[in-house]
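A short write-up of the structure that comes next.
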2 protein chains.
Amino acid sequence: MPAPDDQHDVPALETRASFLLSQLGLQSAQRFTAALAPLGITPNRFGVLAHLARQEGRTQQELATALGLHRNSMVGLIDDLEARGLVERRRHPDDRRAYAIHLTPSAREVLAAGDRLADEQEEAMLGELSAEERAALIATLTRLVASAGYRAGVHPGLGSAH
Amino acid sequence: MPAPDDQHDVPALETRASFLLSQLGLQSAQRFTAALAPLGITPNRFGVLAHLARQEGRTQQELATALGLHRNSMVGLIDDLEARGLVERRRHPDDRRAYAIHLTPSAREVLAAGDRLADEQEEAMLGELSAEERAALIATLTRLVASAGYRAGVHPGLGSAH
DNA sequence: TATTGTTATACTCTATAACTATA
DNA sequence: TATAGTTATAGAGTATAACAATA
């Protein structure tokens, strides 16, 4: 049988930080998705709740802008969260076109539970590293995020900037 | 106007490595997608070519298994690459059910060009870091990938393991 | 005239099952 | 009976345009 012509002068993807980051980043997202599933929400929904928790009463448009997605997409996200009893659409006091989105007590429980799950995941992913290595990694990653021009805590996966 | 009730005792997503990795990883993937676009391929296709470059003549099934996706999905990928003149489906010498997939000279140019683009992206993303910081980052990420059980160079985004 | 929220539509990806031809 | 490749279909996710109510 003709042996396959092996060639080893090939792009070494696995030694590049950009590839490793992409690999680990997707893995991290997939794990978090699986961890949140029993709570009935996705990382996207969790991100909206977390953002709301910092300032309730925002309009859908404000939330969409803050999270970098289109207001059309926010409709479905809020529909979902409302159907699960995690947010309420109240009338906006100043603008009768807009809703003021508020968290329910149930949402605060979900946020706390998700936070615990994120802690467990952090432990599982970084378990091999020493405290110093963890600190160095987080410091470096934080610098890279800042230099990329992202606002802290805003994940690009929510939408692709409109 | 009623001030929104700010709350700052909230999950600190942005200080967790898992969140930062997810952010940077997706960013890295999006940049690479944009960089490869002028070449007419996506990171997925590039990954198939890169894998093929290490060992030509593989069957679609072997490629699918190696890259962690279903053979059904490989059909479309190979269709695409074949239509663009990047791979050829030759008859397999030992198994008349299977194809032996081979790269074209054009594919080797695409691989080289993509490799250059990946270098440029690495430079753009890590530009702020010193040589020591880069080395430390890559070493740490490599350990994390290994501990996660991935094979080097196999990206989980290609498919979700079947 | 511009903006908030909504709906409808289309397009991409992915997942699944079922079919054929070979083994 | 199992395997390689194919096809068809359905579902999730996302992007775009157009609409009604209000500013």
Side-chain angles (χ1 to χ4, degrees), chain A residues 1 4 26 29-30 32-34 36-37 40-48 52 57-83 87-102 155-162, chain B residues 1 26 29-30 33-34 36-37 40-48 52 57-83 87-102 155-162:
Chain A
M1 72 220 88
L26 184 57
Q30 288 174 339
F32 196 46
T33 301
L36 286 180
I41 58 167
T42 63
N44 280 12
R45 271 77 169 165
F46 189 77
V48 173
L52 260 179
R58 293 197 177 189
T59 68
Q60 297 182 187
Q61 171 71 322
E62 285 168 343
L63 278 171
T65 301
L67 293 169
L69 49 85
H70 197 276
R71 70 187 196 286
N72 296 9
S73 310
M74 187 57 68
V75 176
L77 287 177
I78 300 297
D79 281 352
D80 249 47
L81 293 171
E82 193 179 36
V87 303
E88 292 173 1
R89 279 192 242 239
R90 302 187 191 160
R91 294 314 317 183
H92 193 285
D94 302 334
D95 187 340
R96 288 168 48 194
R97 295 172 302 181
Y99 289 119
I101 311 298
H102 285 263
H155 196 288
L158 265 170
S160 35
H162 298 283
Chain B
M1 73 220 88
L26 183 56
Q30 289 174 339
T33 301
L36 285 181
I41 58 168
T42 62
N44 279 13
R45 272 78 169 166
F46 189 77
V48 174
L52 260 178
R58 292 197 178 188
T59 67
Q60 297 181 189
Q61 172 71 317
E62 286 168 343
L63 280 172
T65 300
L67 294 169
L69 49 85
H70 198 276
R71 69 192 140 81
N72 295 9
S73 309
M74 187 57 69
V75 177
L77 288 178
I78 300 297
D79 281 351
D80 248 47
L81 293 170
E82 193 178 36
V87 304
E88 291 173 2
R89 278 194 243 238
R90 302 187 193 160
R91 294 313 317 184
H92 193 283
D94 302 335
D95 188 337
R96 287 168 49 195
R97 295 171 302 180
Y99 289 119
I101 311 297
H102 285 264
H155 195 289
L158 265 170
S160 35
H162 298 284

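No hydrogens, no waters, no symmetry mates; every other heavy atom, side chains included, goes into these values. Here is how names work: the chains are called A, B, and so on, in the same order as the sequence lines, proteins then strands, and each is numbered from 1.
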Provide, to the nearest angstrom, the distance between the [atom1] atom belonging to [X] and the [atom2] atom belonging to [N].
| X | N | atom1 | atom2 | result |
| --- | --- | --- | --- | --- |
| A:M74 | D:dG13 | CE | P | 15 Å |
| B:Y99 | C:dT22 | OH | C1' | 12 Å |
| A:L77 | C:dT6 | CG | C1' | 14 Å |
| B:L63 | D:dT3 | CG | P | 18 Å |
| A:R58 | C:dT4 | CZ | C1' | 16 Å |
| B:D94 | D:dT3 | CG | P | 18 Å |
| A:D80 | C:dT6 | CG | P | 13 Å |
| A:D79 | D:dA12 | CG | P | 15 Å |

- Item | Heavy-atom pair of closest approach, residues A:Q60 and A:V75 | NE2-CG2, 3.9 Å

- Item | Closest heavy-atom pair and its distance - A:T59, A:A98 | CG2-CB, 3.7 Å

- Message: Please compare A:Q61 and B:R71 by the position of their nearest nucleotide in DNA chain C and report the one closer to 5'.
- Response: A:Q61

- Message: Does any part of the side chain of A:L63, heavy atoms only, come nearer than 4.5 Å to the side chain of A:L77, both counted from C-beta?
- Response: no

Between [options], which nucleotide has the shortest distance from any of its atoms to the side chain of [X]?
| X | options | value |
| --- | --- | --- |
| A:N72 | D:dT16, C:dT16, C:dG5 | D:dT16 |
| A:D95 | D:dG5, D:dA23, C:dG5 | D:dA23 |
| B:R97 | C:dT6, C:dT4, D:dA4 | D:dA4 |
| A:V75 | C:dT14, D:dT6, C:dT6 | C:dT6 |

- Message: Counting the atoms with a prime plus P, OP1 and OP2 as sugar-phosphate, which does B:S73 contact under 4.0 Å by heavy atoms, base, sugar-phosphate, or nothing?
- Response: nothing

- Message: Assuming nearest nucleotide by heavy-atom distance, tell me which of B:G76 and A:R45 is located more 5' along DNA chain D.
- Response: B:G76

- Item | Among B:E88, B:R58, B:R89, the one residue meeting side chain to side chain contact (heavy atoms under 4.5 Å, CB included) with B:I101 | B:R89

- Task: Considering just the side-chain nitrogens and oxygens of A:R91, establish if one lies under 4.0 Å of OP1 or OP2 belonging to D:dA21.
- Result: no

- Message: Taking only side-chain N and O atoms of A:R96, does any of them lie within less than 4.0 angstrom of OP1 or OP2 on D:dT22?
- Response: yes

- Would you check, one step at a time, whether the test side chain to side chain contact (heavy atoms under 4.5 Å, CB included) holds for B:Y99 with B:R91? CA-CA 5 Å; B:Y99 289 119; B:R91 294 313 317 184; 3.0 Å; yes

